[in-house]
Enquirer: 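I'd like to ask some things about the structure below.
Note that ligands are numbered from 1 as they come in the structure, with each ligand's atoms numbered from 1 the same way. None of the values given here were measured: they were computed from a predicted structure.
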Amino acid sequence: MQPWSFLHIADMQPGSPRSFRFNQRAIDNWQTAYRQLQAIADVDLLLVGGDLTRDGSCHDFEFEVAKRELDALPYPYYAIPGNMDTGNKHTDKNGATGREDIRLNATAEQLDRFASFFGEFPWSFVHENVRFSGFYAAVAGSGLPHEARMWHWLERELPSLPRAAHHVMTMHYTLFMDTLDEPKWDIAKKDEYRDWYFSIDPPHRQRVFEALKKADVSIVLSGHIHCRRPPQTVEGIRFYRCAGIAMPQGVDRWADGDPTLGFYRFDVTDAGITDTFIPLTRESQSTAGYGPGGHPKPEERDYSLAWEKEEK
Ligand SMILES: [Fe+2]
């Protein structure tokens, strides 16, 4: 087999100057990454691991720009949503940060809007000797039709698909922070909120893991944390926590966490799949922008701040 390569990006979330909030830094960093991606000619495909937008969950215009940019790359891409695109992992109680977490739960409408731009998910296909799959595990526990579809896909469809030499799974949330059997992080505890926010709760976590094993998944790529860690192998599956592109996050969570922004290139040879981290050639330090950070309430969205007004 001729060696070949693929790329993975996540957490670009550039935002838009048409939005109720905007950070120049995030859009600068995405544009730097985008120029680097445009200059790479020798890859077969790109995996996009969610958070393509900052507020796509409420703005079609952010999806439109993201799609236009990704469509113009010189290779095909395959995208899954992240929580900034479609809403968060579900909770039935608000957490310790003052956010109204229940109102941030992903909705069917948001999930379907993402699919209307970037295609149905979950998805799975084979390229050369690798099966690539992608899904949005954050719907676990939501009770949405998307959850039933996800379990059916994970447990009935995926294991019966033809095998390839490798199976690469794209997720947005990490399945776990440290260990597969770590307890459910408590959204109501200040020092556990972030771990709750980043990972998938038991028992869904173990159920997903069992499905990954049955489908012979060999590599899992996740984003969301925006802090890269050396890959961690659990029962033969290599878990990558990938770098962010917009800005770093969670930098103090692990001693071996690396906040450098960038993305992975994977090279496939007869010997296996090897990774190379490609840092952004420049990280913006811009402080320009406006509006609130985090997850503001809908009534706190002030579009009169926007640098670019929406055409009426
Ligand atoms: Fe995210």
Enquirer: Run the salt-bridge test on Glu210 and Lys213 with the 4.0 Å N-O cut-off and return the result as yes or no.
Expert: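 Answer for the salt bridge query: yes.
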Enquirer: Transitive ILVMFWY cluster of Leu261 at side-chain heavy atoms under 4.5 Å: who else is in it?
Expert: Leu280
Enquirer: Aromatic rings His172 and His224: how do their planes relate, parallel, tilted or perpendicular, breaks at 30° and 60°?
Expert: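 His172 and His224: tilted rings.
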Enquirer: Report the residue from Phe125, Tyr77, Tyr78 that forms a ring pair (Phe, Tyr, Trp, His ring centres under 6.0 Å) with Phe132.
Expert: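 Only one option passes, and that is Phe125.
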Enquirer: Taking only protein atoms, how many N, O or S atoms are found under 2.8 Å from the Fe ion (ligand 1)?
Expert: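 Every protein N, O or S atom under 2.8 Å from the Fe ion (ligand 1) counted, the figure is 4.
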Enquirer: Please identify each residue that fulfils ring-ring contact (aromatic ring centres under 6.0 Å, His included) with His152, with sequence neighbours left out.
Expert: none
Enquirer: Hydrophobic cluster mates of Trp307, side-chain heavy atoms under 4.5 angstrom, ILVMFWY only, any path?
Expert: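 Cluster partners of Trp307: Phe22, Ile27, Tyr290, Leu305.
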